[in-house]
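See structure below.
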Amino acid sequence: MMIDQPLDRELMREALSLAKDAMKLGEAPIASVVARRTGQIIGWGWNELNAKRDRTAHAEMAAFRDAAGRYPIDCTDLILVCTLEPCVMCLGAAMLSGVDRVVHAMRAPADGGAGRIKPPTSPESQNPKIVGGVMAAEARALFLEWLEQHPADDSQHKYIQQLLELKDAEHG
């Protein structure tokens with residue numbers, strides 16, 4: 001299947017806008033949208049770790065919950081777009097949810113799921129294609145802005161600092 005770069009960028013712009021909104025609410029700039037292959041967005045979400053005090057309140061999971069009931073249960077044409085590479089939990093949820101393509105901005109070298117999960121073998125699951133690096137510079141700028149605004153004792157500060165350092169080490 002040909003990857004629709006303009007659609008990926010359009011959906012990523014929406015995820016980045018949500019990430020900015022999340023920052024205003026005190027959350028890290030991690031956001032996600034779920035869309036149909038047509039580009040119709042059916043679910044939105046951002047990390048809600050601080051608001052919910054729940055380490056599983058990831059952007060992707062919030063977007064899947066928001067999209068629930070808005071697509072057929074046997075759907076296989078979903079696109080999951082994230083400002084940060086999904087973790088193992090979220091990539092597993094994508095496989096179970098009919099996601100055909102996962103698009104992310106920044107990699108999460110320490111705990112990203114793309115290189116760690118084996119393809120599913122159950123008939124109702126599928127292995128999504130992974131497209132990375134879409135608008136990565138814009139996502140990185142949000143993470144840097146977040147670091148400037150939050151003290152070192154913030155619970156997410158160490159993670160985001162590590163994320164940026166590992167990303168720098170990949171290229172240097």
Side-chain angles (χ1 to χ4, degrees), residues 5-35 39 41-68 78-94 97 99 101-117 128 130-172:
Q5 293 291 337
L7 178 58
D8 291 348
R9 292 180 66 78
E10 177 184 330
L11 294 171
M12 185 60 73
R13 277 191 283 279
E14 183 70 23
L16 289 165
S17 177
L18 286 172
K20 289 176 188 175
D21 291 344
M23 285 176 57
K24 292 174 189 170
L25 297 172
E27 301 289 351
I30 304 171
S32 184
V33 297
V34 175
I41 297 174
I42 58 173
W44 296 260
W46 57 78
N47 272 28
E48 297 177 294
L49 174 69
N50 291 327
K52 294 190 173 182
R53 293 296 193 216
D54 177 358
R55 292 180 55 92
T56 66
H58 291 195
E60 299 87 346
M61 302 306 283
F64 283 131
R65 280 191 293 276
D66 188 52
L78 297 179
I79 304 169
L80 175 65
V81 178
C82 319
T83 59
L84 183 64
E85 176 187 1
C87 72
V88 172
M89 173 184 69
C90 295
L91 191 56
S97 299
V99 171
R101 191 166 78 237
V102 174
V103 178
H104 64 81
M106 284 185 60
R107 283 196 57 235
D111 59 3
R116 296 172 56 187
I117 290 188
I130 308 290
V131 179
V134 176
M135 300 182 73
E138 291 86 340
R140 180 178 177 74
L142 288 179
F143 283 105
L144 288 168
E145 181 181 335
W146 188 93
L147 273 182
E148 291 172 6
Q149 296 174 359
H150 291 81
D153 64 348
D154 184 291
S155 63
Q156 296 179 71
H157 195 275
K158 286 182 183 179
Y159 173 74
I160 292 175
Q161 190 169 27
Q162 178 195 42
L163 171 71
L164 292 168
E165 288 170 1
L166 287 172
K167 183 65 179 158
D168 288 342
E170 284 184 333
H171 295 331

- Item | Side chains of Val102 and Pro86 in contact at under 4.5 Å (non-hydrogen atoms) | yes
- Shortest non-hydrogen contact from Val34 toward Ala63: CG2-CB, 3.8 Å
- Message: If I take atom CD from residue Glu27 and atom CD from residue Glu48, how far apart are they, to the nearest 0.5 angstrom?
- Response: 6.5 Å
- Report the residues that fulfil side-chain contact (heavy atoms from CB on, under 4.5 Å) with Leu25, sequence neighbours left out, ordered by chain and then residue number. Trp46
- Audit row: Ile30, Cys82, side-chain contact (heavy atoms from CB on, under 4.5 Å) steps and yes/no: CA-CA 7 Å; Ile30 304 171; Cys82 319; over 6 Å; no
- Work out which heavy atom in Ala28 is nearest to a heavy atom in Trp146; give both atom names and the distance. CA-NE1, 3.6 Å
- Task: Kindly say whether Leu91 contributes a backbone atom to a donor-acceptor pair with the side chain of Glu60 at under 3.5 angstrom?
- Result: no
- Message: As a quick check of understanding, evaluate side-chain contact (heavy atoms from CB on, under 4.5 Å) for Gln156 and His150, giving each step before the final call.
- Response: CA-CA 9 Å; Gln156 296 179 71; His150 291 81; over 6 Å; no
- Leu18 and Ala31: which non-hydrogen atoms are nearest, and at how many Å? CB-CB, 3.5 Å
- Taking it one step at a time, do Val81 and Ile79 satisfy side-chain contact (heavy atoms from CB on, under 4.5 Å)? CA-CA 6 Å; Val81 178; Ile79 304 169; 3.7 Å; yes
- Would you give the length of the straight line joining atom CG of Leu11 to atom CZ of Arg101, rounded to the nearest 0.5 angstrom? 8.0 Å
- Minimum heavy-atom distance between Thr56 and Met89, given as atom pair plus value: O-CE, 3.6 Å
- Is Glu85 reaching over with its side chain to a backbone N or O of His104, donor-acceptor style, under 3.5 angstrom? no
- Task: Could you grab the distance from atom CZ of Phe64 to atom CG of Leu78, nearest 0.5 Å is fine?
- Result: 7.5 Å
- Note on the structure: Rounding to 0.5 Å, atoms CG (Leu84) and SG (Cys90) come to a distance of 10.0 Å
- Taking all atoms of both residues into account, what is the closest heavy-atom pair of Ala19 and Leu142, and its distance? CB-CD1, 3.9 Å
- When rounded to the nearest 0.5 Å, the distance separating CE of Met61 from CG of Asp54 is 9.5 Å
- Message: Taking Ala105's backbone N and O only, do any of them form a donor-acceptor pair with Thr83's side chain (distance below 3.5 Å, no angle check)?
- Response: no
- Straight-line distance of Met23 CE to Glu145 CD, nearest 0.5 Å: 3.5 Å
- Report the C-alpha separation of Met12 and Leu16 in whole Å, then their side-chain angles, then the decisive distance to 0.1 Å, and conclude whether the side-chain contact (heavy atoms from CB on, under 4.5 Å) test is met. CA-CA 6 Å; Met12 185 60 73; Leu16 289 165; 4.0 Å; yes
- Query: Just by modelled atom types, is the Ala62 backbone N or O under 3.5 Å from a matching donor or acceptor in the Trp44 side chain?
  - Reply: no
